[in-house]
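First up is the structure itself, then whatever we jot down about it.
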Number of protein chains: 2
Amino acid sequence: MARESRTKYAVLGMLNQGPKCGYEIKKELEKSSMFFWNESYGQIYPMLKKLVANGLSTLEVIERDEQPDMKVYTITDDGREELERWLRQPAEPHPIRNEMLLKLFFGASTSIDMNIAHVERLKDRLQRQQENLDQEREELIDEFGEDDQMVFFGLLTSGYGQTVNDALQKWCDETLEKLREMRS
Amino acid sequence: MARESRTKYAVLGMLNQGPKCGYEIKKELEKSSMFFWNESYGQIYPMLKKLVANGLSTLEVIERDEQPDMKVYTITDDGREELERWLRQPAEPHPIRNEMLLKLFFGASTSIDMNIAHVERLKDRLQRQQENLDQEREELIDEFGEDDQMVFFGLLTSGYGQTVNDALQKWCDETLEKLREMRS
DNA sequence: GGCTACATGTAACAAGTTACATGATTTT
DNA sequence: AAAATCATGTAACTTGTTACATGTAGCC
């Protein structure tokens, strides 16, 4: 996609939290509290190499016997500057694709039960996400305390997720009711 | 992206609402009430050609003097079957990328005012979207009435948007308050 | 014995955006 | 006179996913 990639900033931002290897970055992004971003290994590893080539990160190779080398990346001052420059820029809204809503929108072409099933699956996913979000919020506070700068912002984005999650669970319930009414 | 494309079903679904040309499909998808999906011309036009080649749509060329031909596509029974087969399949959650939240998450690396500006821009966008959503909901009901099958499902997806929009406006207000407290 | 976690990477491929080309008509 | 809307399309390009390759260590 010709849309300019944000992978660089996602990775720089992660490294700015502290030195990490590619695997750790991926693990972080897979947490429920990072619901708003994702990157694949196919993006992360080449980007890390590129960051070092451009002086935005340094690399320390940790050799471990019998296990593959671990590559720990550390952000440089230039890297931090690049990150901060991006942070000052307004965010561009990314186009959305929600398959569940697309199916529901065309729902007149299938049975009510099919539509109900789509909404129920969403509700299940929301409930699981909510539990994970709650758990990770607690872990975050336990580990760093509430006054930590990073925790403060983590709680803001986590709160966004919780807000949307709550609202959507209600929408699911209301929608399921309307669909069940339709059926009878 | 190796992830299987849903463009085919988005286009088929649109054609199922009635015969349309590529331009009209794009216009429909640009409406605020279609916030949950997007396609570019670069996807739509080649897909329409492919649908005809696969017998999922027929094509009628309307010649107009001095203006370029208009190509009106009509879904076939095979196309309708293909759409219905997809509607019966569970929806896969699409990965999300929200640049604004990524910036806020890394917010400790910039000034509070920058973070406030990000949230304020989101709030503006939400307000505009809300107005459009309200307007389009009214137009939909005025044009087809509340009992129409298509309208029923359109109102469900529109309601999803309104629910999230409401919740997010509240989140913006709360977040702005927290950020302003931080500043002092 | 098999599964999961740890750890790095790449190549092939698919998907999707943007910019361009073309040109009439309608609105501002 | 300029800008937007109507209308079709493609080529170049970027982005991003998936599948694969490789191997250890620890757990059930």
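Numbered from 1 within each chain, the chains take letters A, B, ... in sequence-line order. Any value given below was found using the heavy atoms of this structure, including those in side chains, with hydrogens, waters and symmetry copies removed.
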Margin query: Quick check on DNA chain D: between B/Lys49 and A/Thr7, whose nearest nucleotide comes earlier from the 5' end?
Written below: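 It is B/Lys49, whose closest nucleotide lies nearer the 5' terminus.
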Quick check for you: among [options], whose closest atom lies nearest to any side-chain atom of [X]?
| X | options | result |
| --- | --- | --- |
| A/Cys21 | D/dG9, C/dG9, C/dT8 | C/dT8 |
| A/Gln43 | D/dG9, D/dG16, C/dT10 | D/dG16 |
| B/Glu4 | D/dT15, C/dA7, C/dA15 | C/dA15 |

Notebook entry, point to check: Just checking B/Gly42: base, sugar-phosphate only, or nothing, at a heavy-atom cut-off of under 4.0 Å?
Noted result: base
Next item on the list: For A/Arg97, answer base if it contacts any base atom (sugar-phosphate contacts may also be present), sugar-phosphate if it contacts only those atoms, and nothing otherwise; contact means non-hydrogen atoms under 4.0 Å.
Entry: sugar-phosphate
Is it true that the side chains of [X] and [Y] contain a donor and an acceptor less than 3.5 Å apart?
| X | Y | result |
| --- | --- | --- |
| A/Thr110 | A/Asn115 | no |
| A/Gln135 | A/Glu131 | no |
| A/Trp37 | A/Glu39 | yes |
| B/Asn54 | B/Glu82 | no |

Note to self: Each nucleotide in nucleotides 23-28 of chain C should get exactly one letter: B, S or -. Can you fill that in based on protein heavy atoms under 4.0 Å?
What the structure shows: -SS---
Does [X] have a side-chain nitrogen or oxygen under 4.0 Å from the phosphate oxygens OP1 or OP2 of [N]?
| X | N | result |
| --- | --- | --- |
| B/Ser5 | C/dA14 | no |
| A/Arg64 | C/dA7 | yes |
| A/Tyr45 | C/dT8 | yes |
| A/Tyr23 | C/dC6 | yes |
| A/Asn38 | D/dG16 | no |

Next item on the list: Using the ring-ring contact (aromatic ring centres under 6.0 Å, His included) rule, collect all pairs that involve residues 72-106 of chain B, keeping only residues at least two apart or in two chains.
Entry: A/Phe36-B/Phe105, B/Tyr9-B/Trp86
